[in-house]
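Worksheet: one structure, shown below.
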Amino acid sequence: MSLTTQAPAPAIAGSEAAPAAGSAKPRLGWLDALRGFAALAIVVQHFVQLVMPEVFARTADKLDLGSYGVFLFFLVSGYIVPASLERKGSVRGFWVSRLFRIYPLCVVVVGAGVIAWKLGAYTGALQPVSWFSQEHPAIAALGNATMLHDFLGVGGTLFVMWTLSYEMIFYLLVASLFVVGVHRRSAEISTVFAVVAVAAVGAFPLVTLSHQVADIRRAVVVAAVVMAVGVFGMMSRRKVLALAGAVLTAALALGLLSANGRMPGWFSMTILATMFAGTAIYRAEQGQISRVKCAVAAAVTMAAILYVGGRYGETGQRTPEFQWQWLTTMLAAWATFALAMSLRRFRMPRVLTWLGSVSYSVYLVHAVLLCVLLKVISPTEVTSLSLGTRTVLGIGFCALVLAASQVTFRLIEKPAQRLGHRVTKAVERIGAKAPR
C-alpha cells in the first residue's frame, strides 16, 4: 500500500505487554521484540518509498513492508490489549491507562508536525496536515481527540495516525465485550469479521455518513458525544449504566467501521479479524479456549485475508490479477509472530526489548523527521544521489529516529505512564468508596 493512501504505518499505541498468568515479569520480551522489529520495517518502508523509489519499484510487487508492519502490530495489540484489561479487571483503570499511554506523546508530536508544516516541511506524498485540519481546525481537533478521525472524514493531523483509529475501535469493542461478559468469544468474533469481509466485500461501504463539510461536522460532534457518554457509562459502578454504555459504545464502533471508513470495508474487517485472532491466540495459550477453536479461527481469518486482499485492491474493486505481494506480506507477518511466540520462553536481546519500548515514539516521530529531511533535501535532489549515498543516508536517518525516540520516550512517555499509574490508583480508590 502506498503513502498516498496513508496505509503503511504501524498501530503501536498502547500495545503494552502484560505478564502471562503466574509470571512475575512486568513485560513479555518477545512482544517487545516484535514491536521493535515492526517499527523499523515501517521506517524503512517510508524512507525507501520516498528516497529510493527505484528500489521500492523493484520490491513493492514482492513484499509490502508497510502492511507487514501494520498487521504485525495489530496481531500484537490483539494479543496483549485484552489481556491488559482483564489483568486490571477494571474498565475504569483500562481507559485511564489508555489515555496516558496514547495522548501525551501524540499531542507533542502532532504539535511538532504542525510546526513543520507551517515551515513548509512537507511533500505531496507526505503531507502532515490534512486539508480539513487547515480549513476547519476546531472540528478536526475534536475528531482527532476521539482518535476516530479516520472514520469521521477529518483525517489524521499526521499522516501516520490512521492506524490509531483502528486501535481505538478495538479498544471500544474490547471494553464493551468485557462489560457485557462475552470477552472470551474472541475466536468467534474473529471468524465473524473474516466472514463478513468475504461475504460483503462488494457491498462496502453500506452507507457513507460524511459527504460534505456539514455531514463531517455532524458526524464528529455526534461521535464525540456518544463516545464520551458510552465510555463514562461503562466506567459506572451501576450495572445498568455500564451495560448501556457498552451497547452504545459497541454500536458506535461497529457503525463507523462498517459505514464510514476511509479504507475499503474489507480492509477494515480484516484488521479487526486479525486483532481478535491475536486475542484468540492469547486465550488458547492461557487455556481459556481450546487450541482447536483457536486454530480454526486463525485459519478462517487468514484465508479471508488472503482472498479479499489478493482479489481486491485499495479501491475495493476486484483487481484483474491476484495481488501476490499481499499473500507474501500477510504470510510473513503471521510467520514472524509465530516464530517470536515460539521463542517466548527465551530471554530476548536487550536491544530488541528496548526498541519495542520506544516503538510508539518511533512510529510517530519518524513521520515528522522524514518531512523535515525532505524539506532540507528536496525529493528531486535526494534521488539524484547515488544509491550507496542514499543507503548511508538511510542508516543515518534510522539512527536519528531512534535517538529522538529515546528522548521522547524518557521525557514524555515514561513520565506520562507513571502519572497514569498514579491517577489510575486514585480513581480506583475513589470508585471503591463510592456507593454502588
Side-chain angles (χ1 to χ4, degrees), residues 1-10 36-70 72 109-110 112-131 133-134 155-163 262-263 313-315 319 321 323-326 328-329 332 355 359 361-405:
M1 300 212 172
S2 65
L3 275 171
T4 54
T5 57
Q6 302 181 359
F37 188 72
L40 277 183
I42 297 298
V43 175
V44 171
Q45 162 79 357
H46 284 161
F47 185 87
V48 169
Q49 187 170 346
L50 291 173
V51 180
M52 307 167 75
E54 70 276 26
V55 176
F56 178 77
R58 292 197 300 267
T59 59
D61 61 346
K62 299 177 179 63
L63 179 70
D64 185 342
L65 270 181
S67 294
Y68 166 82
V70 163
L72 187 55
V109 179
V110 163
V114 171
I115 293 174
W117 166 68
K118 287 291 187 180
L119 295 176
Y122 70 92
T123 70
L126 251 173
Q127 189 168 341
V129 179
S130 69
W131 72 268
S133 298
Q134 302 171 44
T157 303
L158 287 177
F159 75 98
V160 296
M161 287 177 60
W162 72 274
T163 51
R262 178 180 57 85
M263 300 298 290
E314 296 175 10
T315 62
T319 56
E321 298 178 356
Q323 306 297 304
W324 291 104
Q325 77 276 11
W326 179 264
T328 57
T329 298
L355 186 58
S359 57
S361 283
V362 170
Y363 162 51
L364 291 179
V365 167
H366 91 276
V368 177
L369 290 181
L370 192 51
C371 292
V372 174
L373 173 66
L374 293 176
K375 170 62 176 179
V376 176
I377 308 175
S378 70
T380 303
E381 293 174 341
V382 78
T383 52
S384 67
L385 301 174
S386 68
L387 187 59
T389 300
R390 282 178 285 164
T391 300
V392 174
L393 179 63
I395 295 173
F397 177 74
C398 289
L400 176 63
V401 168
L402 294 177
S405 298

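Values below: every heavy atom of this structure, side chains too, minus hydrogens, waters and symmetry copies. The structure presented is a predicted model; accordingly, all values stated were derived computationally and were not measured.
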What distance do [X] atom [atom1] and [Y] atom [atom2] have between them, rounded to the nearest 0.5 Å?
X: L72; Y: L65; atom1: CG; atom2: CG; value: 11.0 Å
X: C371; Y: W117; atom1: SG; atom2: CH2; value: 12.5 Å
X: F56; Y: D61; atom1: CZ; atom2: CG; value: 9.5 Å

Fill in: Option from V44, V48, I42, V43 for which side-chain contact (heavy atoms from CB on, under 4.5 Å) with H46 holds
I42
Discussion item. Against L400, only a single residue in V372, V365, L369 fulfils side-chain contact (heavy atoms from CB on, under 4.5 Å); can you say which?
Written reply: L369
For the student: nearest non-hydrogen atoms of [X] and [Y], plus distance:
X: M161; Y: V110; result: SD-CG2, 3.6 Å
X: H366; Y: F397; result: O-CZ, 3.8 Å
X: E54; Y: L387; result: OE2-CD1, 3.7 Å
X: G36; Y: L355; result: O-CD2, 3.2 Å
X: A332; Y: L63; result: CB-CD1, 4.3 Å
X: P53; Y: L50; result: CD-O, 4.2 Å

Do [X] and [Y] have side-chain heavy atoms sitting under 4.5 Å apart?
X: L119; Y: I115; value: yes
X: D64; Y: Q45; value: yes
X: L158; Y: Y363; value: no

Practice prompt. Quick one: do L373 and V382 satisfy side-chain contact (heavy atoms from CB on, under 4.5 Å)? Show the steps, please.
Written response: CA-CA 10 Å; L373 173 66; V382 78; over 6 Å; no
Worksheet item: Run the side-chain contact (heavy atoms from CB on, under 4.5 Å) check on T391 and M52 step by step: do they pass?
Response: CA-CA 8 Å; T391 300; M52 307 167 75; 3.7 Å; yes
Item to complete: Taking R390 for its side chain and L385 for its backbone only, find out whether a donor-acceptor pair lies under 3.5 Å.
Response: yes
Worksheet item: Do the side chain of S359 and the main chain of A39 share a donor and acceptor less than 3.5 angstrom apart?
Response: no
Worksheet entry | Enclosure of K62 NZ (heavy-atom neighbours >12, cutoff 6.0 Å) | yes
